[in-house]
Amino acid sequence: MIMKALFRHSMLVLVGTLSFCTNTFAADGQLKIPEFAGLADKAAESVIITLDPSLLRLAARFLDPSDPEDAAARAAIAGIKGIYVRSYKFDQDFAYPKADVDMVRKQLGAPGWQQLVQVRTRAEQQNVDIYLLVEQERANGLAIIASKPREFTIVNIVGSIDMKKLHELEGQFGIPKLDLEDKK
Amino acid sequence: MSKDFEQQLHEALRPVDPEEGFEQRVLARIVQERSSTLRKVTRWASVALAASVVFAAVLGTHEWQLRREQEGLEARKQLLEALRLTGEKLDVAYQAVNREAPEPADDGSGA
């Protein structure tokens with residue numbers, strides 16, 4: 001009887017700890033992106049980018065300040081702690097595990113994440129979801145999940161995102177004018 | 001004549017006791033020469049070792065710098081690719097939002 005109670009208590013503690021860890025993950029803006037093991041072999045094209053703080057610092061050192069694209073990138077990553085990208089293109093429809101992509105979408109239901117844009121196009125069967133992690137009126141994380149029958153992309157930017165600097169990237173990386181200036 | 005020569009030869013070749021301390025001096029000299037050789041070998045070995053260490057350190061640093069530079073350039077490439085992809089997806093959303101919400105037509109009222 002005592003053992004049963006002890007076991008139940010341990011399980012509660014474990015579940016509580018896991019729940020805390022999940023919330024912590026969400027709180028710092030870093031999503032738990034699945035491994036997508038073996039998907040790169042099946043994909044026609046794959047982009048896997050993991051830039052943690054140390055790699056971001058290293059990358060910043062190699063950006064040429066005299067190059068406008070590099071200068072814009074340097075300004076954009078100030079305050080950013082990590083950039084994680086998974087992008088796959090396939091030769092067939094839905095060759096990727098949709099459940100894994102949905103699992104990432106589910107994490108964006110955590111407190112703090114706010115949906116900025118949701119795009120659903122019937123013709124192209126394209127879904128694009130853009131979320132911001134807003135804390136104390138600051139964007140501390142960005143998540144983009146874009147999927148089509150033959151491709152999907154997950155972008156997770158962790159850290160303080162300066163939307164003005166993102167705006168300044170306009171024209172540098174195909175980033176559109178986002179109309180962020182105050183309308184008078 | 002022959003006897004004289006023989007006598008002289010005999011005297012010349014007679015065993016002579018070495019001076020006192022001869023053995024010690026010979027032994028000391030041997031030890032001294034040995035230690036001198038050892039010192040020379042040790043000195044050269046030290047110089048060679050030091051040179052090897054300096055060479056290895058220079059080579060190691062150079063290799064590390066090359067590797068670090070490659071990692072840095074790769075990280076830069078990944079960063080630009082990540083920003084390009086982010087921009088591309090933001091653009092898709094932007095285009096879609098613009099399609100759905102066209103700008104209101106100017107009615108020319110000037111109000």
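A, B, ... follow the sequence lines: proteins, then strands. Residue 1 opens every chain. For clarity, every value in this text was computed on a predicted model and none was experimentally measured.
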Engaged part of Ile130(A) at the chain B interface, taking heavy atoms whose separation is under 4.5 Å =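 Just the side chain, heavy atoms under 4.5 Å.
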request  = Would you mind checking which part of Ile49(A) comes under 4.5 Å of any heavy atom in chain B, side chain (CB onward), backbone (N, CA, C, O), both or neither?
outcome  =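 Both the backbone and the side chain of Ile49(A) come within 4.5 Å of chain B.
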Value rounded to 0.5 Å, distance of [atom1] in [X] from [atom2] in [Y]:
| X | Y | atom1 | atom2 | answer |
| --- | --- | --- | --- | --- |
| Tyr96(A) | Lys89(A) | OH | NZ | 13.0 Å |
| Asn127(A) | Phe152(A) | CG | CZ | 13.0 Å |
| Ile83(A) | Thr50(A) | CD1 | OG1 | 11.0 Å |
| Arg76(B) | Arg61(A) | CZ | CZ | 14.5 Å |

key: Contacting region of Glu74(B) [heavy-atom separation from chain A under 4.5 Å]   =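 Neither part, no heavy atoms under 4.5 Å.
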ask   = With respect to chain A, which residue among Lys77(B), Glu81(B), Lys89(B) yields the maximal number of heavy-atom pairs within a distance under 4.5 Å?
value =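 Highest number of heavy-atom pairs under 4.5 Å: Lys89(B).
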Minimum side-chain heavy-atom gap Pro65(A)-Asp70(A) below 4.5 Å =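 Pro65(A) does not reach Asp70(A) side chain to side chain.
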task = Identify which of Leu56(A), Leu51(A), Leu55(A), Asp129(A) forms the greatest number of heavy-atom pairs closer than 4.5 Å to chain B.
result =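 Option with the greatest count: Leu51(A).
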